[in-house]
Structure formats: C-alpha cells, structure tokens
Amino acid sequence: MTSFRLSSGGLVSRAKPLAFTFDGRTMRGFEGDTLAAAMLANDQMLVGRSFKYHRPRGIVTAGSSEPNALVTIGSGGRAEPNTRATVAEIYQGMVATSQNRWPSLKFDIGALNSLLSPFLGAGFYYKTFMWPSAFWEKLYEPLIRRAAGLGRASFEADPDRYEKAWAHCDLLIVGAGPAGLMAALTAGRAGLRVILADEDFRLGGSLLSEAVAIGDQPASEFASSVIAELASLPSVTLMPRTTVFGWYDDMVFGAVEGVQKHVSVPSSDRPVERLWRIVAKRAILATGAEERPLVFGGNDRPGVMMAGAVRTYLNRHAVAVGKRVAIFTNGGSGYRAARDLAAQGIEIAAIIDGRAASTNEAPAGVRVMRGGSVVATRGRHRIEALIAERSGYDETIACDALAMSGGWSPVIQLACQRGGKPVWSEDRQAFLAPDVGPQLRMAGAAAGEESIAVCMRHGRDQARAALADLGVSVPLVVIPGVEGETDGSFSPLWYVPGARDKAFVDFQNDVHVKDFGLAQREGFGHIEHTKRYTTAGMATDQGKLGNVNAIGIVAGMGGVSPADLGTTTFRPFYTPVSFGALAGAEVAERAKPVRRSPLHEWAKKNGAVFVESGLWHRSAWFSLPGEKTWRESVDREVLNVRANVGLCDVSTLGKIEVFGKDAAEFLNRIYSNAMLRLPVGKARYGLMLREDGVVFDDGTVSRLGEDHFVVTTTTAYAGEAMSHMEFAAQTFWPELDVRFVSVSDQWAQMSLAGPRARDVMSQLVEDDISNEAFPFLGVREVALKGGVRARLFRISFSGELAYELAVPAGYGEAVADALMEAGSKHGICPYGVEALNVLRIEKGHVTHSELDGRTTADDVGLGRMVSGQKPDFIGKRLSTRFGLTAADRTQLVGLKPVDRAKELKAGAHLLKEGAKPSTVNDQGHITSACHSPVLGHSIALAMLKSGRERFGEKVVVWDGLRGEEFQAEVCSPVFVDPQNRKLHL
Amino acid sequence: MRYSAFSIVKQALSGNRNWAPAWREPQPKAHYDVIIVGGGAHGLATAYYLAKEFSTANIAVLEKSYIGSGNAGRNTTIIRSNYMLPGNSAFYELSLKLWEGLERELNYNAMVSQRGMVYLIHSDSQRDAMARAGNAMLMNGSDAELLDREQVRRLLPYLNYDHARFPILGAFVQRRAGTVRHDAVVWGYARAADSRGVDIIQDCEVTAIRRQDGLVTGVETSKGFIGCNKLALATAGNTSTVGRMAGLDLPIESHVLQAFVSEGLKPLIDHVIIYGTGGHFYISQSDKGGLVFGADLDGYSSYAQRGNLAAVESTMADGVALIPGLSRVRALRAWGGIMDMTMDGSPIIDRTPVDNLYLNGGWCYGGFKATPASGFCFAHLIARNEPHPVARLLRLDRFERGFPLDEGGKGPQPNLQ
Amino acid sequence: MASLIKCPHCGVRPREEFSVRGDASVVRPSPAASDEEWHRYVHIRENPRGPYREHWQHAAGCRRWLVVHRNNVTHEVYDVMDAATVAKEVAQ
Amino acid sequence: MSLSLQNRHALEGHISGFSSFSNANHLSIVRGVAVISILVQPQRAEDARRALATIAESSARSCGPFEWLIVSETRSADSLLQEAISLDAASVDQSDGRVVMRIAGPDVRRILGKCVAVDLHPDSFAEGYSANLLIARIGANLARLAGDCFEIVVDRSNAVWLFEELVARGREFDLSAGFVG
C-alpha cells in the first residue's frame, strides 16, 4: 500500500461511497472523486501502457491534460475509449478498463518493443517496410495498425441521446478559478448576463486544491461562498462540466456540457452531452496554467507526477499519492507540495531543486538538494527510488512517488485558435496569448499571473475592463486577503542533462529527447517538421503537457530562443469532443428533416411504397396484393395510365407565384424561351439556363393574369430555382416590378393522366373542361363540387391526356379520394414516381438524368427553346461558345436492344460496333433506362455523339461494370405517340 | 543515404548519430534554369520528375515557409481515380499508377495503402451516375466495381442499414484506392529531388515576378532576386495571389475546407468510406489509429486556414448518420486548408500568356491524390513546352472556349464544386 | 462572419441561415458587351486576399440577397448591405 | 357526383401520448388560422408596414423587408386578401400551406434555445417582434406574443418534423401538446 486515502479532509462526500471496477477489480471511492483520485485511493497507480514502447504508465496530472491515464469507461454501446481518468467523475457501478496492453496491464507482450527501441526512433517507418511492395498492405501495415491506436471503439449503437443549444451573454468567463470567480462576481453583481463555464464538475478551479486561507475561510469554502452568491444572481448562468473547446468567428464559442456522463443510468428525457454555441459580447479566459513536467531520465515511471496534481489529490480528494514522496522542482510549486504533504504527515524523501539558490523554504526537517537533478528512476510498475545527481555525485533516494514541477505554462489555446500566434515572454519564461483585441481577455494564471491574490484582482480588473468596453461601469468587488501564499516563481529547465534512461517529452506518443536530436540531424528542424516527424504533441492531449518543453529543447539544440522557434498551431478542439455531442439529435432517421406531401396519408392508405427524394418522401409505386416485384406494380400502373387513367401525387414540385407589372418581362429574361406574350389562361413549358449556357432547370409557366403567373420547378431544384430567380430580380434587374413567393406548400397537386382523365375530372369540376373549352396547355381556376376552389392545368408529362389539379393542401386527401372514387368505374389507379419515370422515358421527356449540369438545350433536342430573338436572357451569351456548339457533342437519342430480351441500364456506355472499349472510342452513355410495358422490352434514353444523325445505326452497349455487352439500335427518343395525338384528345 | 531495414540496424548500433539530413539547406544561387514556386507536394514532385525524367539540371524549389506547410499537410490523405470525364480520368489514373510504385521510386515509405474506397449509393440516380463513372474508368484501364446493398453490408457491417434517413442501396468500389501518409510524400519527394541536385529553399517567399520583354527573368524573394529561364507556379492556396504577380487572370476562387482527426483507436475502419447523397462525409483510419475525416467546403471565400463550427457540426452529424458507432468516439483536432476552386471543379496544368511561365493550380480539393501525376505532367510541360497527353485537356482557356471539365455538373460556381 | 452575419433586415443570424454565391464585385455585362467581357464575368475572379465583397442570401430569413463586405483572411465583417441597393448604386 | 370535402390538418393523427390537460410548458396547434402572404414594392414598404398593423383581428408577421404573413384566427383568408388589394400589394392565400403553433410556459426560452440561434432575451426579441428564421433546422416564422409565449408559423410539409422536434426538446421540461380551435 503506497497511495491511500487520508482519514479525514478533502472535498469528497464520505457519506456517499461509490463502488466501481478497474480491469475487473472492484474499488471504492466517494462522490466528488475523479476516477484517478479513486484509483489512487485504492493504490492503483499503474493505469496504462504507452503508445509505442508499451512502457508502464501511471497518473501524471489531475486534469484534462492527462497523457497516460486513458481508460475505456463503460461497455457495449456506452463504451468510451481514451477517457481521461483524471477528469472522469465516478459513479456507482462504473466499469473502467485499461487499454493498449495484452494480455494484461501488468504483463504486456508489447513491452518487448522497448528492447527494439534503438530501431524505432522517430520516423523509422519511413525508411523501411518497402520491400516487397505487396507486403505493405498484407503484413507490415496490419502489424503496425494493430500495435498502434489506443482504446477500442465499439460499433454498437449508442443508447443515449445528445442535443444542442444556443446561449447568449454579455460576458463569457471560461474557468471558475480565482480569476474567473472574481470576474463573474464583478459582472454578475452589476446585473450583466454572465456565463461562467468550467470543465470541472465542481467550480472553484485551483482554489479547490489549495490549503491557503482567503479572508477568514479556507480557499475552497471561499470559493463555495462566491459560487453561492453567483447562483443567486438571476443574470448569471453557472455551467460546470462544460468545456469550452473552440473560439470561432464573431465571438461564438463551442462548448460541450456533460449532462449525464456522471450518472449510472442516464434518463432518456435528457441528453448525456449537450453542445452549446455560446454567443458572447465579451469573453474572459481564466483558464489557469498548466504545470510543466521536467524532462529527466525515467520521468515516465508510474508514481512520477506533477507537483500540482499531488496537491490536488491531497487537498481536494484527501488522497496521498505515496508515503514517502520525493520532489524534483525548479520553482516554488515543489515547495508548496512539500508543505502540504508535510502538513498531512507524509514523509518527504527530499526536495531536489534544479536551481542553485532560491528563496523557497522547505518544511522543517526536509532535506533540500539545491542544484541537483534526477537522472534516473527505479522500480518496475511504480517508482521505488530515484537517482539524483549533484556535482558529479550520484545518490539513490528511496521514494514511492515523485512530484515534479518545471514551471507553468498559461493555458492560452482558445485565444490562439483564430490565427493569433502565442508570444514568448522572457519575463515569465512562457508563451502568453497574443493581443486578440478587446473582445477576448486573459485573466489570472492564464495571463501569466502567479499568486492567488494577484489572480483574483486580475480577474476582477479584466472584467471591469471588458464591461467598460460595453459602456458599463461597475463597482469594485472587494477582494479579501490571502494567507499563506509562498513564492511560486521558477527558472526554466527544458531538460535535465545526464539522463540514464529515456527522458520523455511527450509521454503518450513516447517521444523522448533523442528523437528531437534525430529530427534535427535529419533536417526536420522547423518546429512543425519536428512535430510531424517525431509526432510530439499529436497525441490525445495535443501537447498540453509537453509542447513547451519540446519547443525549449529544440530551440536549445538550435541555439535560439523559444521566441525564434515559435509554436505549432493551436486548433480546436481544446479537449476532444465526441461525435455524438457535435451531431446532437441529428442522428438515424432524424439525420435530416423530412418533408411530407399533403397527399402522404392518401398515398399510404393506397399502399404506396415511399422513396427518399431530397428531403421528401415520395410514393414510388403502389403495390397490390399478389404483386411480387416492384416491376409488376410499375408495369401495371404504366399500362393503366396508357389505357385508362392514373392519379399521381406531384405536390413536391416547386411552385412559385409571380406578381408585378414586369412579371412577364422578368420571366422572359429568366427562361431561354419566349414568355412575354404567353396568353392569360395558358401554360408553357419553360427552360432555364445557367449563365454559362448549360441547362439549369425546367418546368411550366402559367399565366393566371396579365401581371400574375405561377411557375413550377422540379422537386430537386425547387430551392435553387427560387434563389436563382431572387438573385436575378434583386441584383440584375432591381428596377423591375416583380415579386414572388413560394406557394409550394399551399397546394396539393395531382396529375390525372390517361385517356379517361377527362371523364374522371369532369365529375369533380363545375366548369366546362371539354377539349374545346379547355384545350391542351389551358390553365384556369375551377370550382370543385363541394365548394373548393382549385387550379386546373392541362399539361402532361406522360404524353397522355392529362390534367394537373392543384387544391388547397388541406383538401388534398379528400380530393384525391374523390378522384379515386370518380375514377373507379374508369379503372383508375394511383401511380408513383417509378411509373411516372417510365411514362416520361417512353415519351422522350428529359429530367435531371439528362439535364445533368453539362448538357445544353440543343444536346437534349430542345434547341428550339433557346430564343435567338430575345435581346437578353440568362445563359444567352455563353451558350454559343465553340465547345457548347461543337458538332461532335453528344445528343439525346433513344435506344432499343437488338435482342429484345436484353436489359438496358443507365450508366452503360456506347461504342461503335467493333470498337474496343476505351476513352477514345467512347461514344456516349445511357442516361435513363426502363422496361417499357407498352413496347414489351427495355428502352433507354442516351447521349450519343452526333446522335440525331444516327437513328437506325446499331451501337454496342458496353457495361463492363456489370459484365454486359450487346447491340442496340439508335432511334428517336420518343417511343410512344410521336405525333402527340394523345395530348390533344 | 539509402534507406532500408539494414540501414536502420546499422545506424541504431551507432546510436542513431550518423543519419544524414534528408535534404540540404542550400543558399539560393543567382540563377536557375527552372524555378518552381511552392514547396508543397506538387512543387517537389515536379522538381523531382524534371530532374529525373527530363534531365533538367539546375532547378530550385522556393517555399515561403517550411516544405509541406500548405495543403500537402492539410488533407485527408485519400488517393483514388474515380473520375468520369475524359481529361480527368486518364490523368488521375496515371496518378494512381505512380502512387503504386512510389516507395521504390523514392526509396521512402510513404505508406501507400491501397485499402479500397467504398463510395456509398443512396439513390437510383446516384447509382446511374456511379455506373457511368465506373464504366468510364474501366474503359480507361482503371478498376471499379458496383456492390449491392447486401454486398456492402457484408463488407462494412457497421454502417447504418436499419435506421438510416437515406438508406444505403449499394456502393461503388475502387479497390486500388486508399490512403498515403501525406507528410511522407512531401519528405520523400524532397529527399529524392535533393539527391538529384534540386535546391530546396525554405523560408523564401516570392514577393514579385520580374518580367522583361514579355518574358519572366526571375523572382524577387525574401532572400533577394533569383533569376531563371523558366518559372513554374505550384502554389495551391495562393494560386491567384502569385498568379497576379505575373498578371494572370484566373478562373479561381479560394475556399476553406476543414478536415479532422479523432483520438487514436485500435483498427476500426479498414477502408476509405465516402457518403455523398443526403449528407456528405468521408473517413479512413490512419496507421497511427486516428480516424481522418472531412466533408464540405465551409462555402465562402477564405484564406484563413480555419473553419466554422456549423461545418464541423454537419460533418459530425453526417458521420454518425452513416456510422452510428462513431457516436462516442471523440474528435481530436480540426484544421482548414485553402482550396483553389476553379469554375468547373477540375485543375489547370498549362502554359500561360507569358511564354516561359507555367501554371499548376486550381486543384479544388483533389490535389493530394493528384500529386505524382501533377508533378510528372507539369515537369513534362515545363521541359517539353507541350502538355503531357493525359493532361492535355486541363487547359486554362477551356472556360472561354466552352470545354469545361465539370464532373459535378454544378456550373461555374466554385463553392458548389 | 463565419459564425454569425448581421443581416441588415433581420439582425444577427447564424451562418446556417445563409447561402453563399460568390464574388459580388463582378457585374453582369450588358447584352451588347463583348464575348470577352461575358467570359470574364462568368469565369474570371480576382480572388484577392483581404477585403472582399461576396453575395450571400439570407435564405432561411428574409430571403434577400446581401453584399457582405468582409475580410477573407481575418473574417472580420465591415458591412452588410442589401444587394438590390448596391445594384442600383452600381447602375447609376 | 356530390362532394363533401374535408380539410385535413397537417398534424392530424400525429399528436398522441399527451393527456388532455396542459402542463406548465405547452405546445398548442391552432386550427383554422387564415394566413396570407403580402408582397409590396420596396418603395411602398413603409406605408404597408403601417397599414398592415391596422388590419382588424389579425397580426402581421414580418418575413422580410417587403413581405409579411397576415395571420388571423377569426377572419377568413378572402377578407384578408381584400385588405391587401386596398394596399396595392400582391397577396396570396397560404392558409393551407402553413401550420400555426404556439409554445408557452416558464421554460419556453430554454426549449426554443435548443432550436433557434437568435437571442430570445426580451431585450433583443421583444414582445410583438416576428421574423423568419431557422428553427430545428427548417425555416419558419417566429413571433413573441408575450413574455413566455411564442408563435411559430411553419410550412405544412415541415410541420410534422417541427412538431416532433419541439416535443423532443421539451421532454426535459414536461412539455405537453394538443390542438386548439
């Protein structure tokens, strides 16, 4: 038993014991413990194995920078690999498991890598495994991949929920330590909207780990009283368990709140994590400082810990990390640890101070070795002794823990995420945040300040300054005095010479000092090259502990200052953020919004099978009992439309109502064909081009009045077409009086198609819709029997006598029911988009399968729709470019397989007979294909080079992807009723 | 110094103290036959092939920062050649073939890993488009396969089959596609070019291009004037800025694309997986264990090399929608690269109106996979003054003449490409 | 600007409410302009580093097209105007 | 053929699992609301804004600088369209194309804070204010009717989605839901 729980003290709830397991062993802790604290209380120092050499590793820190104590928490769909035990809050029944070891943590085969370490220096893999080349994927790489990585993720479904929210405030304060609390109090008392966020589950920051007194209270009680006051202020929001991970443009901060990460069984009414987008007018980073490890031989042995962490475990969790603790320091922090340990009766083996002299005082009776250094440590799974060296003499000192401190690095990551580079301070021997403007200020230790008293004042003053920017002046918060603080200054010591073992800089990635030397020798001296070549700073802690040491070491090797070397770039995320939190509720079927047609319920009760079409669910086909395949249903629907009549939901088409005295002029410029003189009461097929002359979208334009139109777009392009029209109206021709609004949702629209369509429609409509009164391309408002007003369009996509009927959406289902009833004696059937597609292919009508963003109007046989007469329309000028009018462009044709049993498939390419398949010989491709139940064989639309001249030619359909090659005959793309007789019935 | 298992052992026995620098750090000469601006993967590959295949001596690569500091080190490391249009397909296929021999070519293990790419299909129209592309690839001598839903399920059982907003109907597969360790490509080409005498000059920013009588005579740099007979630009992310120094008008708009890496995990995802309809997301796992993933451009002009949170969120959401098991995996780091988006989504390797000035740019987000072919074809163009056959359609004047290479069919709107 | 945009009509809104079209400095030529001018309008972009004018639409808000004048290196926004207002000014 | 055509509300059949009592936080789906779009020429916007505020028994919801929705629970769409004629405005009935919801209760801002990015603090989103915005990833019009009461006018095709989102986001606060009117 070396590390243990003290019999009293700490900020844990001894009345609330919690049981958990680590690698199957049951342990006990208290509410208020982190997993690391509870493991230490159970004498579990060994927690993991390192990445490359599989060296045994212990807990190093007491916070989010932990490189070693990564465990998997939970199991099944809740398994969370790489979780830092130093921040995970324990709960009853928590299951924690160590990682990257086999077969067990204590006996890990991978540790053999340590023996090979001379061969495994930085970048060794770039220099070997090259022969034979096939062995890379088959042998070397799988071995490397299996050895690499840390925890194991589960593919089981996550049973928990996530969500996102926005928050807004005048002042965001990140970090609830001494500076953050005083900043919050300053702004909160003045009634400003304050958000105080801290990654810890308990607010108070370093005050929770301190043994000093503030005013007449212990530091932690002082923190509690401030927090209680803040909680009572209505404009202050306290957000514990909330990590601000990113600073984005416009003062938006990304933060993730652990809502139910600390409970045994999360409630399904709440998320486990919540992503916050916090919009702040001003922000203060009171994020504290990170203690730097010392880089000495054997500094990775379990039991070697940060001095500050030793104090946190001692003072906050009442856990002593050892019974005989040695201290290696180059500043005041080591002495603070010694003082607090001694106060709890823990033996101090020695204080080894890298400095020759200092003003720090050791506790009475404790030996101080000034100007000494640690050059090696001993012990198998835990430190048992260290070897100190001074003036050339070695001394072995027995200890069961070693607290180290190499000084402090302000936590400035967030301030540097938007391009600002850290600034080296000779004075503080640390990188400080750059001046990023008045919106974001650093406070307290994050600004390089040292003592608690100074940090508290700095927090207050920075809040006052931030509020002054906002034009708010606030009274001074009176800050009580701090008793018992000692000098915390330090001298930098980048690495300790004379190491007898590997001296690690990046613990997790196993990067040691010699790796930097090698990188230098090989030319990777730029700090970004050094990072990428050695992988220092690329582990899950992103170099929080090691980067500044790495910079100091590399700068030293190059004989320059850290200021000259600079840092690598800080980027989000400050600490890793789960996919779940960032995805929020946008998962599974709710990954994207679902739009429903007003005829959705009608389709459903008629047996529709739905298909995703953009955000819509559309009816694909309507299955009847006894139909075994979708083809059976579709063939029946098509034949029924051609022979009798069918009803199809086309509500998803974009519908735009256009008004204004210049509406006709505007549409004339938007469409490539003439719209100016479209008569009232008439519809016209319209083609829109992009400005580069390629077809953009098609639809119908109907004139309802002199200055009033309704246009339709395809379902897929409804949004884009609307934006395109708005762009044209607002930026090209703002002088035109044209106004438009989407009415897509107002109308349920149905296509009634087939030779019996009029017989059916006339039963519902009061008006005369005979062929004479209402010919092809007629448009009018009609009254339905039953009193509903509707719009009737005589337009056809199927090539049959057809109407589109638009009724107010709420009546859609009732009207569709009525049409079905009226049609029952005429053999009506509902049909879906699959049948619609067959009908249009048979008729040679194009969709976005043909209008694929590369085709011109002429390519698809619609060249006549590009007006040569109009002075201007979108796409006119560039449509005449040489390449868009070249004679060998592909053109729309029809195809029939010579062997009628063959099935044409979209995506197949076309070759001349006898030609080898090659890019040069490629003649085109099939854009749309289907079985034509009318013709009784497969047909296709295709784009074929100079296709319109080649009707009757036989070409080879080449589909190597699906192993097909057969002949087809080129024909007109109109397979059914080429004279359009049926449209005019 | 040749790299091999033997050299590793030998060096280790002498304490790894005798490794030679991977490249020299020369001072710039007064004049070079060819100056390549841009020490990214393309620039270095160009220099290497110029020296090796086209016997050009006296070459310099000028890099304003450290080599590989631009997009070469900011991508998602995917290589593939699933391009449909003549002009792109042969070019990217050449690139894939060069990747396949890269390690022996360079004596540097860039970890070319042909793990296979699985591009998921979520609609009939997408399948048709994939089939068209796949057949175009097969015609061009590349590899492509179509899988149905059950075949995909057997290959990638962890995708979302039962609760998907957009059900998986099948997949397009290119087995020879995969990933490459991006930094190693830069270092491998740099080392190989250096060994053939190419001067790689870092921290040397070009500030002006000097011209006389319509020809480039050299460049002003942060290390002084350097003369040249031919000047070649390979400055992805800064193509317009550098091009303007020579008066080039370019069909390019620069955008930011974010990419991400997760915490290291034991082997989880063995392929490159791409999700492109209904959402957008692509992912693979590095040899080190991190999941490397990304999605769409942020959508606005930017030179900031960092992105916004909205794009991060949509990327992650699409990731979880596709692979529900990612839910509890944590993203470690996000970064942004500057994509020089052209008006048709395809790159430019061409001569310019200035006779001895050559342009390589407009790589959109397809630059990394193109590296070897880009270098090879650009070197060909510079040395022979005529385009390499597989790059002959990647011309600068194709927009004006009406021959765009618009794989996506999005038209001249760069942020949609 | 990449997180929030201040729409002149609707106030501060998240980036998700907007769609972006591209460079707002190019102006659609007259029908009488040369082929070269039309080509440049559709294809050629100055693509500067620094101050930049870009067309954004407040698609999920007022649906107005806006000219966002901003810096594409720092992402600072200088001002946002209704695009029709700008177009009318340019026309004059 | 004689017909009796029934109008079906978009959320008919989608509201289940709630008791007939409303909780403190409640989502009401309002039936039978007349909604019309009003579009005016830019130069007439100011006049129109003033005139719209005076239309009896209705509220004007701002959609953009020159566009509004007029919403009324008591008047017919036809009578509202008549008013538009006197304003020289283009107008079109959207009553069937929009669904009107009201969400109210002490936690309404916290629920809506999960769905909208704009600051709903009364200082920035005051009573009577309305605007088009993204809510739960779809576009809709949001208006503040009172301190803790908001009204949402949403496209019919998105109504089921939005309803389900609001209910899910409100679970933490015992949000109940039901039709009114």
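Letters go in sequence order (proteins before strands), and every chain restarts at 1.
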In terms of heavy-atom proximity below 4.5 Å to chain A, should [X] be classed as side chain, backbone, both, or neither?
X	result
D344(B)	neither
L322(B)	neither
R24(B)	neither
V261(B)	neither
S113(B)	both
Q285(B)	both
A110(B)	neither
E407(B)	backbone
R401(B)	both
M1(B)	neither
I200(B)	neither
S286(B)	backbone
N308(B)	backbone

For [X], is it the side chain, the backbone, both or neither that has a heavy atom under 4.5 Å from a heavy atom of chain B?
X	result
F51(A)	side chain
E586(A)	both
E589(A)	both
A929(A)	neither
L878(A)	neither
E834(A)	side chain
K514(A)	neither
L615(A)	both
H848(A)	neither
I144(A)	both
R690(A)	side chain
T847(A)	neither
F882(A)	both
S154(A)	backbone

Look at the aromatic rings of [X] and [Y] and report parallel, tilted or perpendicular, splitting at 30° and 60°.
X	Y	value
W136(A)	Y140(A)	tilted
Y533(A)	F524(A)	parallel
Y126(A)	Y108(B)	parallel

With distance as the sole test, does [X] use its side chain to make a donor-acceptor pair with the main-chain N or O of [Y] at under 3.5 Å?
X	Y	answer
R191(B)	P21(B)	no
N82(A)	G264(B)	yes
R306(B)	Q258(B)	no
S69(B)	S65(B)	no
K164(A)	L582(A)	yes
R330(B)	P81(A)	yes

Taking the side chain as everything from C-beta on, heavy atoms only, tell me whether H925(A) gets closer than 4.5 Å to L910(A). no

Would you mind checking if R115(B) and D270(B) are paired as a salt bridge, meaning a charged N to carboxylate O distance below 4.0 Å?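 A salt bridge links D270(B) with R115(B).
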
Could you tell me whether D158(A) and R78(A) have a side-chain N and a carboxylate O separated by less than 4.0 Å?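 A salt bridge is absent here (no side-chain N lies under 4.0 Å from a carboxylate O).
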
is_close_aromatic([X], [Y]), centroid dist under 6.0 Å:
X	Y	answer
F166(B)	H122(B)	no
F281(B)	F293(B)	yes
F260(B)	W335(B)	no
Y574(A)	F245(A)	no

How about NZ on K410(B), more than 12 heavy atoms from neighbouring residues, nucleotides or ligands closer than 6.0 Å, or not? no

Would you indicate whether R962(A), at its atom CZ, is surrounded by more than 12 heavy atoms from other residues, nucleotides or ligands within a distance under 6.0 Å? yes

Distance under 6.0 Å and angle within 45° of the ring axis: does K916(A) meet both against W958(A)?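 That pair does not qualify as a cation-pi contact.
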
Chain B contacts, top residue of [options] (heavy-atom pairs, under 4.5 Å):
options	answer
K905(A), E137(A), R152(A), E691(A)	E137(A)
D922(A), L884(A), V920(A)	D922(A)
F696(A), F124(A), Y125(A)	Y125(A)
P593(A), S879(A), G693(A)	P593(A)

With a 4.5 Å cut-off on heavy-atom pairs, point out which of [options] contacts chain A the most.
options	value
R181(B), E25(B), R127(B), E100(B)	R181(B)
V312(B), N140(B), L268(B), N18(B)	L268(B)
R104(B), Q114(B), E145(B)	Q114(B)
D183(B), V112(B), N135(B)	N135(B)
A190(B), S125(B), G319(B), P167(B)	P167(B)
M343(B), E103(B), K288(B)	K288(B)

Could you walk me through whether D287(B) and R145(A) satisfy the salt bridge (charged side-chain N to carboxylate O under 4.0 Å, His left out) test, starting with their C-alpha distance in whole Å, then the side-chain angles of each, then the deciding distance to 0.1 Å, before giving a yes or no? CA-CA 5 Å; D287(B) 285 341; R145(A) 286 170 83 89; 2.8 Å; yes

